[in-house]
Amino acid sequence: MNLYTYASPANFYVLAGKLIPWFSWGAGLLAVWGLYISFFLAPTDFQQSEAYRIIFIHVPAAWMSMFIYLVMAFWGAIGLAFNTRLSFMMARALAPTGALFTFIALWTGALWGKPMWGAWWVWDARLTSELILLFLYVGIIALWAAIDDVRRGDRAGSLLTLIGAINVPIIYFSVKWWNTLHQGSSINLMKAPSMAAIMLQGMLVMAIAAWFYTIAVALVRVRRIILERERQTDWAKAILENE
Amino acid sequence: MHRFLLAVLRRDLTLAARRRGDWLIAQFFFVMVASLFPLGVGPEPEMLARIGPGVLWVAATLASLLSLTRLFADDHHDGSLEHMVLSPEPTVLLVLGKSIAHWLIYGVPLLLIAPVLGIQFHLSWEAIMVLELSLLLGTPILSLLGSVGAALTLGLRGGGVLLTLLILPLYIPALIFGAGAVDGVMAGTGAEAHLSLLGAFMVLSLMIAPWIAAAALRVSLE
Amino acid sequence: MHRFLLAVLRRDLTLAARRRGDWLIAQFFFVMVASLFPLGVGPEPEMLARIGPGVLWVAATLASLLSLTRLFADDHHDGSLEHMVLSPEPTVLLVLGKSIAHWLIYGVPLLLIAPVLGIQFHLSWEAIMVLELSLLLGTPILSLLGSVGAALTLGLRGGGVLLTLLILPLYIPALIFGAGAVDGVMAGTGAEAHLSLLGAFMVLSLMIAPWIAAAALRVSLE
Amino acid sequence: MEWASWSDFWHMAGYGLYVWGSFGVTAAGVLIEVILLKRAGADTRRRLKRMQQWATSLEGEGQ
Amino acid sequence: MPDALLSVHDLACARGERLLFKGMNFGLGKGELLLVQGGNGQGKTSLLRLLTGLARPEEGEVRWRGESIRRVGEAYHGEMCYLGHANGVKDDLNPVENLRFADGMHGRAFDQTRAVATLERLGLSRCLDLPCRVLSFGQRRRVALAALLLAGATLWILDEPLTGLDVHAVVLMEGLIRNHLTAGGMVVATTHQALNLDGVAVQRLLVGNVAIPALM
Amino acid sequence: MPDALLSVHDLACARGERLLFKGMNFGLGKGELLLVQGGNGQGKTSLLRLLTGLARPEEGEVRWRGESIRRVGEAYHGEMCYLGHANGVKDDLNPVENLRFADGMHGRAFDQTRAVATLERLGLSRCLDLPCRVLSFGQRRRVALAALLLAGATLWILDEPLTGLDVHAVVLMEGLIRNHLTAGGMVVATTHQALNLDGVAVQRLLVGNVAIPALM
Ligand code: HEM
Ligand SMILES: Nc1ncnc2c1ncn2[C@@H]1O[C@H](COP(=O)(O)OP(=O)(O)OP(=O)(O)O)[C@@H](O)[C@H]1O
Ligand SMILES: Nc1ncnc2c1ncn2[C@@H]1O[C@H](COP(=O)(O)OP(=O)(O)OP(=O)(O)O)[C@@H](O)[C@H]1O
Ligand SMILES: [Mg+2]
Ligand SMILES: [Mg+2]
């Protein structure tokens with residue numbers, strides 16, 4: 001058995017089915033652990049008081065919003081280059097979750113901004129580029145929705161994902177390139193972390209929980225897409241009858 | 001190859017000349033949107049000067065964005081797009097030619113009108129010069145990125161608004177740098193940084209957009 | 001007659017539901033245009049609050065204006081408009097039904113989004129309430145006047161921009177009264193006068209526009 | 001333990017609205033996504049089954 | 001033309017600077033077919049649009065039951081059904097929904113089983129729940145024909161109804177026209193293809209000056 | 001198929017969820033005509049678009065001079081000319097201008113007298129300076145055919161070239177196809193109408209499962 005066998009939708013369908021429970025339970029347990037750290041282990045911040053606890057949602061969501069986009073762009077590029085059906089399906093399966101996390105990052109950022117900066121929204125580079133990211137997600141989903149022909153939709157959506165990918169480094173480095181209101185990066189592989197170890201731990205646990213959640217949800221979605229597209233094949237018919 | 005590019009350019013310019021209405025109207029739209037704002041916002045000069053660059057940039061964007069919908073749509077509808085894609089020359093050249101033609105038809109006239117509108121917003125001469133320069137660098141970006149959007153949404157009903165949705169986010173950086181350059185010169189902090197970012201963005205889109213648009217066009221025609 | 005109106009409404013709503021993309025996208029366009037301005041103009045809150053009502057009104061106008069292009073165009077293109085005009089019911093009802101459907105599809109959602117954007121422009125709650133009221137009175141005017149423009153420009157290439165050109169001047173009074181009402185409440189001079197003018201304008205267009213549009217439609221189909 | 005009482009916990013030193021607004025909307029978002037996903041999965045499978053039955057009933061009929 | 005329901009008096013039609021025809025007169029009674037013939041660009045489509053009332057004649061008038069169609073307007077539209085070069089089929093709706101709304105527009109109640117039966121009779125049973133956008137050229141034309149059949153109008157005005165139809169559909173269409181005429185209906189049609197309509201009263205009208213060999 | 005210039009190998013085509021055909025094989029050599037037949041919606045247009053390279057096959061490939069058309073791409077396009085359901089005629093230009101730009105797109109020099117002669121041969125002498133927008137359905141089709149003739153391609157791919165043409169134009173078209181084949185050209189065409197092509201090597205290909213009576 002090699003990796004290549006799983007590039008076929010039929011095998012991947014089965015594999016995904018086996019993986020989903022692991023990732024779902026993993027996501028649930030990690031989230032409980034992360035929330036416990038967020039609310040009961042992490043101490044009150046001396047500057048921001050309790051409001052800073054939003055960080056445990058905000059930062060993982062912001063990370064996910066960018067990562068998921070990059071992963072989508074990666075799958076899209078693979079699909080365009082090698083014409084592999086499964087990679088397009090993966091890209092499609094990820095988009096809604098990516099949009100959800102982008103929305104959460106914006107929402108929690110806004111709720112955080114009100115007490116900290118005194119405004120729900122300011123037009124600084126990071127906030128703007130994150131908003132653009134949401135628009136890109138929505139644009140891609142809308143493009144997919146507008147095109148009935150799946151093959152055309154796959155390719156068109158992937159092309160759009162690819163040019164939009166330029167936005168991700170802009171979001172990430174915006175705090176460095178422009179002098180903004182938003183906080184700079186505090187996680188730096190080179191430097192020692194500038195925040196309390198327990199906070200960092202909470203954020204990481206929540207981020208891993210978000211990853212697990214994303215994978216679980218994307219797998220469920222990709223299974224549905226596979227089934228829908230492969231309905232003409234014998235194995236899909238067999239699965240439909242047995243399920 | 002050179003000949004083909006010229007043929008595409010000449011064809012699109014002829015068609016635009018034949019339909020002078022369309023062409024004029026995009027410019028009118030620019031004037032109109034730029035003039036609506038003083039109506040909606042009120043007539044104080046210093047306020048108008050503050051919002052002027054932003055409003056002019058947004059109006060220019062909208063004016064040339066609206067015409068983008070028809071970049072490929074008309075040719076698709078009457079079947080001549082298929083003929084052009086099936087011609088023995090690479091599709092990239094076709095897309096490039098059409099983008100350039102779009103810029104000549106819809107971008108350049110904006111450059112000529114913008115100073116007049118700038119006066120209406122009480123901008124200084126220096127600010128107007130920078131506005132011109134920023135539009136000169138910024139409008140081609142729109143035509144180029146727009147060709148990608150137009151190719152992706154080809155033949156979709158409601159493609160026009162979808163196009164806007166897809167292209168505007170990508171175009172926002174240009175808008176920010178462009179209006180930022182004029183603001184910079186008005187605030188005395190200088191415009192070079194913004195203008196060079198805008199220039200870099202233009203070169204980048206010139207090099208990438210036609211290829212992606214050509215790929216998108218082939219996908220859309222399938 | 002009653003039945004016919006309902007059939008037209010139901011048909012257009014079904015079509016809109018079938019193409020949820022189109023419908024959503026117009027709303028996104030609204031959000032997008034309203035968000036471009038702070039980008040172009042700069043982020044100072046008190047400035048944004050000053051231009052907010054004007055920008056929101058202009059953005060709402062543009063968003064529902066863009067969708068007007070397709071009010072009759074799709075039906076014309078596939079021949080079903082001729083069938084509807086040849087139906088045994090008066091064309092005025094057809095036009096009225098389509099205007100109402102347009103308002104329900106494109107106008108009403110704007111009313112729901114506007115408050116959120118108002119917050120983004122740092123408007124007060126009172127100003128937002130008046131904004132809502134003014135949009136409630138103003139958006140139907142646009143759908144009604146728009147039907148005249150759409151009928152007149154039917155089948156003309158570049159009709160979209162021509163439509164804008166024809167309709168905007170007629171619509172400017174509504175824009176001024178609407179934005180003026182919000183400005184009034186923010187300046188403490190009250191909004192009643194503006195709002196009642198807006199209401200009168202709406203009633204007037206409801207009574208006149210469908211007749212003119214029906215006549216224009218027949219002319220355009222000849 | 002950080003919290004003196006549950007009401008302290010919910011109060012979040014005056015930032016309750018913001019903190020719970022963030023966590024609440026996140027939870028709601030996740031919940032809605034999961035529900036929609038379940039529903040879409042069931043819908044698709046039902047539709048596919050129905051189509052398959054049609055296909056078998058049409059078989060051999062030609063056009 | 002004593003019992004002519006549809007009659008045309010001294011009709012002239014101009015397009016741009018060109019006079020396509022003038023002094024045209026004819027009458028059409030129950031159970032009659034008028035076959036409008038002529039070369040490309042001779043004015044057949046233009047004539048048909050005059051008959052529907054969509055276009056205005058340069059001179060003369062079209063009468064329905066003796067009255068100008070300008071005057072009777074909507075009453076005439078209730079008894080007439082037009083099928084032009086464009087199909088009038090909504091791309092986003094499936095065939096059944098298309099028929100439902102066509103009925104709604106004409107103030108008729110919708111009968112789903114009858115609509116489905118008509119579509120199946122026209123060979124569209126496999127396309128009932130596909131949006132018309134994805135149908136082939138000929139299939140979309142068939143949907144338009146189904147709407148025509150359901151309209152139950154007395155007068156059919158058909159502009160090249162056979163374009164894009166395959167051989168079987170042409171035969172079917174001939175049968176439908178024959179039935180309609182026997183049931184007392186009236187048809188005005190143009191076509192460049194051969195029509196096999198034995199036993200039907202056919203009037204021929206040559207528009208323009210290009211001779212057309214008899215095809216049937 | 002030893003000297004087949006155009007050949008098709010195990011071609012399969014799917015639209016939406018429907019498999020239209022699979023395992024299709026044929027080869028076409030110089031001077032040969034392939035008549036693609038089949039009922040409405042059986043996949044003729046879909047096949048033609050695969051042959052032009054506009055659409056991608058689900059499986060299999062199309063070869064030109066033994067190489068996949070995906071690979072040779074533009075070289076193939078230089079020798080092929082496609083006419084679909086849409087005409088590819090610009091409404092705002094007059095017929096002569098249309099031909100000029102069609103030539104420009106293919107990198108050919110434009111020969112005005114030849115273009116006018118071709119248009120006149122196709123019966124458009126009265127329409128030379130009208131914008132194509134005002135031409136009739138059949139006249140626009142004729143402009144598209146003029147562009148086809150001027151292209152000088154080896155392979156013609158024609159999707160229902162006869163729709164909307166009057167009887168005289170159909171005869172003319174038959175003559176043109178015959179000449180093209182005798183001069184060593186190749187034609188792939190679909191049509192629902194009868195074609196009179198005596199003395200020509202005709203291959204027939206039935207797409208789908210609806211039997212079509214031989215029309216010629
Ligand atoms: C709507 C508004 C906001 C948006 C769109 C937003 C966006 C983002 C993004 C994309 C990141 C991750 C990038 C990175 O890791 O460098 C991030 C991280 C962060 N944000 Fe925000 N943010 C918003 C508001 C806020 C506010 C109001 C605060 C606090 C006052 C805040 C504090 C932080 C912190 C502390 C990080 C973590 C930085 C790090 O450790 O790397 N954000 N935000
Ligand atoms: N503005 C104009 N100026 C001159 N001639 C015009 C103008 N508009 C239309 N025409 C001519 O009027 C005629 C319109 O004919 P119509 O469409 O009725 O033809 P038809 O008989 O239906 O032809 P077909 O068989 O091709 O459908 C064409 O010959 C066209 O060239
Ligand atoms: N998304 C889809 N789902 C199911 N079927 C589809 C889809 N798209 C296209 N089809 C079917 O594919 C076929 C397309 O056929 P095509 O246009 O090639 O037919 P054709 O042989 O050219 O017919 P005509 O003679 O009518 O022009 C039609 O039967 C259509 O219903
Ligand atoms: Mg005609
Ligand atoms: Mg076809």
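Note that the coordinates shown come from a computational prediction; the quantities given were computed from them, not determined experimentally. Just so it is clear: chains get the letters A, B, ... in the order the sequence lines come, proteins before strands, and each one is counted from 1.
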Qualifying residues under ring pair (Phe, Tyr, Trp, His ring centres under 6.0 Å), relative to C/H102, sequence neighbours excluded
C/Y106
Residues in side chain to side chain contact (heavy atoms under 4.5 Å, CB included) contact with C/L204, at least two apart in sequence or another chain:
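Listed in chain order: C/I208.
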Contacting moiety of [X], where chain C heavy atoms sit under 4.5 Å:
{"X": "E/E97", "result": "side chain"}
{"X": "E/Y82", "result": "both"}
{"X": "E/R56", "result": "both"}
{"X": "E/R100", "result": "side chain"}

Would you say the side chain of E/C13 lies within less than 4.5 Å of the side chain of E/L47, judging by non-hydrogen atoms?
no
For chain E, which residues from residues 78-86 of chain C have at least one heavy atom closer than 4.5 Å to it?
C/D78, C/G79, C/S80, C/E82, C/H83, C/M84, C/V85, C/L86
At what distance, to the nearest 0.5 angstrom, does CG of E/L155 lie from OH of E/Y76?
5.0 Å
CZ on E/R15 to OG1 on E/T45, rounded to 0.5 Å:
8.5 Å
Can you spot which of E/T118, E/V116, E/L124, E/L122 makes a side chain to side chain contact (heavy atoms under 4.5 Å, CB included) with E/E120?
E/V116
Which atom pair, heavy atoms only, marks the closest approach of C/L198 to C/I141?
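Where C/L198 meets C/I141 most closely, the heavy atoms are O-CD1, 3.9 Å.
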Strictly by ring pair (Phe, Tyr, Trp, His ring centres under 6.0 Å), give each pair with a member in residues 115-152 of chain E just once, sequence neighbours left out.
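Pairs touching residues 115-152 of chain E that pass the test: E/F137-F/H85.
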